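Everything below concerns the one structure shown next.
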Amino acid sequence: MTTSIIKKAVFPAAGFGTRFLPATKAIPKEMLPLVDKPLIQYGVEEAKASGLSEIIIVTGMGKTAIEDHFDTSFELEKLLQEKEKFELLKMIENVSGLVHFAYTRQKKPLGLGHAILITKNLINNEPFAVFLGDDIIDAKVPAMKQMIEVHDKYKSTVLAVQKVPKNQAHLYGVIKGKKVAPGVYKVLDLVEKPKNPPSNLAIIGRYILTPGIFPALEKTQPGSGGEIQLTDALKILISTQDIYAYEFEGSRYDAGDKLGFLKANVSLALKRPELRAEFKKFLKGLKL
Ligand code: G1P
């Protein structure tokens with residue numbers, strides 16, 4: 001377990017999930033299942049496995065299912081106990097006992113940067129992690145744990161990045177960086193959803209931020225999509241603080257996109273010992 005000073009993780013989860021309508025009309029996007037676990041639980045488990053112990057979830061209207069999911073469920077636990085379904089009981093108890101949760105609400109959909117800004121009073125004056133739950137990262141060493149190691153070495157902001165095809169880069173925040181160590185770049189510039197991407201190094205939804213981000217966010221004007229963008233605040237911050245980017249090791253799925261969501265489901269199901277053989281047979285039989 002890491003001894004890093006980073007203990008808190010922010011999960012912005014206030015978006016409407018319009019890309020998954022109608023599924024997300026009455027349930028939060030974060031609760032859509034990948035195999036049998038809600039999307040957000042993958043990130044929370046990664047946070048825990050990276051040594052983080054405080055999860056701050058930024059929610060909004062219609063998101064109470066997330067709070068219920070991470071709460072204890074007395075009735076369900078009692079029922080499983082009575083029916084002697086001890087394995088299921090343990091699994092359910094594990095979810096609520098994962099870490100400590102706090103919730104705050106983003107009252108207006110003003111963007112990712114704004115969602116981070118409203119956690120200011122919960123963060124105090126310490127570096128913290130941010131997880132975008134849509135980005136599922138399957139890795140031997142949890143991606144955030146890899147980033148914490150980079151943070152502990154450079155004592156600065158660390159952004160997760162991954163090389164993407166150049167024609168996809170306009171869908172992301174993109175950095176221009178100078179390589180300083182294997183997988184580590186000093187960020188020279190960064191831009192959100194660029195028309196002319198400065199490189200193919202796209203920002204993926206894992207960040208370690210310093211408290212310096214808050215004054216930068218306060219100065220940030222609405223950018224791409226009319227929203228307060230975290231990338232724009234980082235661009236302000238770079239004039240006063242070093243920012244590093246880290247090319248993590250692992251497979252990333254954009255589960256916020258229909259195709260990425262399907263790919264994640266198939267890949268993660270194929271990793272499950274209880275599903276693998278039958279599912280593989282089924283996929284092979286599809287004769288595509
Ligand atoms: C957000 C960030 C973007 C980043 C992306 C990663 O964009 O603003 O910089 O590259 O997440 O998934 P969104 O996907 O919310 O449009």
Side-chain angles (χ1 to χ4, degrees), residues 9-20 24 28-30 32 34 39-40 42-43 46 57-60 106 108-119 129-139 143-144 147 157-177 185 187 189-209 213 216-217 220-238 243-248 250-261 263-264:
V10 173
F11 282 68
F16 286 116
T18 45
R19 281 194 273 179
F20 281 94
T24 48
K29 174 183 72 172
E30 293 75 13
L32 295 178
L34 277 184
L39 269 181
I40 192 165
Y42 286 86
E46 182 187 323
I57 304 185
V58 182
T59 66
Q106 187 180 19
K108 286 186 188 164
L110 297 180
L112 172 60
H114 177 255
I116 309 284
L117 180 56
I118 62 169
T119 66
V130 173
F131 287 72
L132 307 188
D134 281 356
D135 284 324
I136 300 292
I137 303 178
D138 183 27
M144 184 52 76
M147 291 177 67
T157 300
V158 183
L159 318 177
V161 290
Q162 197 175 45
K163 289 194 180 108
V164 296
K166 251 217 148 145
N167 65 358
Q168 300 277 302
H170 69 281
L171 301 169
Y172 296 87
V174 179
I175 69 147
K176 183 178 165 198
Y185 300 81
V187 177
D189 195 10
L190 67 173
V191 44
E192 182 67 16
K193 313 264 160 54
K195 287 204 179 78
N196 298 307
S199 79
N200 61 348
L201 284 169
I203 301 172
I204 302 303
R206 300 287 183 279
Y207 306 77
I208 294 175
L209 302 176
I213 197 66
L217 282 166
T220 304
Q221 298 299 313
S224 170
E227 298 184 340
I228 312 268
Q229 296 292 347
L230 178 58
T231 307
D232 294 342
L234 289 163
K235 201 177 159 85
I236 295 176
L237 191 65
I238 211 169
I243 295 181
Y244 291 87
Y246 176 62
E247 226 180 320
F248 59 91
S251 312
R252 172 253 179 183
Y253 302 97
D254 178 7
D257 165 82
K258 273 178 213 168
L259 189 59
F261 181 79
K263 288 180 185 171

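No hydrogens, no waters, no symmetry mates; every other heavy atom, side chains included, goes into these values. Computed from a predicted model, the values in this text were never measured in an experiment. Ligands are counted one by one from 1 in listed order, and the atoms in each one are counted from 1 as well.
Atoms of ligand 1 lying under 4.0 Å from any heavy atom of Thr231, numbered from 1 in the order shown and given with element: 9 (O). Atom numbering of ligand 1 starts at 1 in the shown order; those under 4.0 Å from a heavy atom of Leu132 are 1 (C), 11 (O). The contact set between ligand 1 and Gln229, taken as ligand atoms under 4.0 Å from a residue heavy atom, comprises 8 (O). Of all atoms in ligand 1, numbered sequentially from 1 with element shown, those under 4.0 Å from a heavy atom of Tyr172 are 10 (O). Listed by atom number, the atoms of ligand 1 under 4.0 Å from Lys193 heavy atoms are 7 (O), 13 (P), 16 (O).
Using a 4.0 Å heavy-atom cutoff, Leu230 is absent from the residues neighbouring ligand 1.
One N or O on the side chain of Gln229 and one on the backbone of Ser224 form a donor-acceptor pair closer than 3.5 Å.
Here the options are Asp135, Val130, Val161, the test is side chain to side chain contact (heavy atoms under 4.5 Å, CB included), and the partner is Arg206; only Asp135 passes.
Taking any N or O of Ile204, backbone or side chain, none lies under 3.5 Å from an N or O belonging to ligand 1. For ligand 1, the polar-atom distance check against Glu192 finds a nitrogen or oxygen pair separated by under 3.5 Å.
A distance of 11.5 Å separates OH of Tyr172 from CG of Asn200, quoted to the nearest 0.5 Å. Here the CG-CG distance, from Leu234 to Leu209, works out to 6.0 Å after rounding to the nearest 0.5 Å.
Regarding atom 4 (C) of ligand 1, its nearest protein heavy-atom neighbour is Ile203 O, 3.3 Å.
For atom 16 (O) of ligand 1, the protein comes within 4.0 Å by at least one heavy atom. Checking atom 13 (P) of ligand 1 against the protein gives a heavy-atom contact under 4.0 Å.
The shortest distance between side-chain heavy atoms of Phe248 and Met144 does not fall below 4.5 Å.
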Task: Chi angles and distances behind the side-chain contact (heavy atoms from CB on, under 4.5 Å) call for Leu190, Leu159 - done: CA-CA 11 Å; Leu190 67 173; Leu159 318 177; 3.9 Å; yes

Task: Ile208 vs Tyr246, side-chain contact (heavy atoms from CB on, under 4.5 Å): CA-CA, chis, key distance, verdict - done: CA-CA 11 Å; Ile208 294 175; Tyr246 176 62; over 6 Å; no

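Ring orientation note: the planes of Phe131 and Phe11 are close to parallel, at an angle under 30° on the 30°/60° scale.
Only the side chain of Asp135 comes within 4.0 Å of ligand 1, judged by heavy-atom distances.
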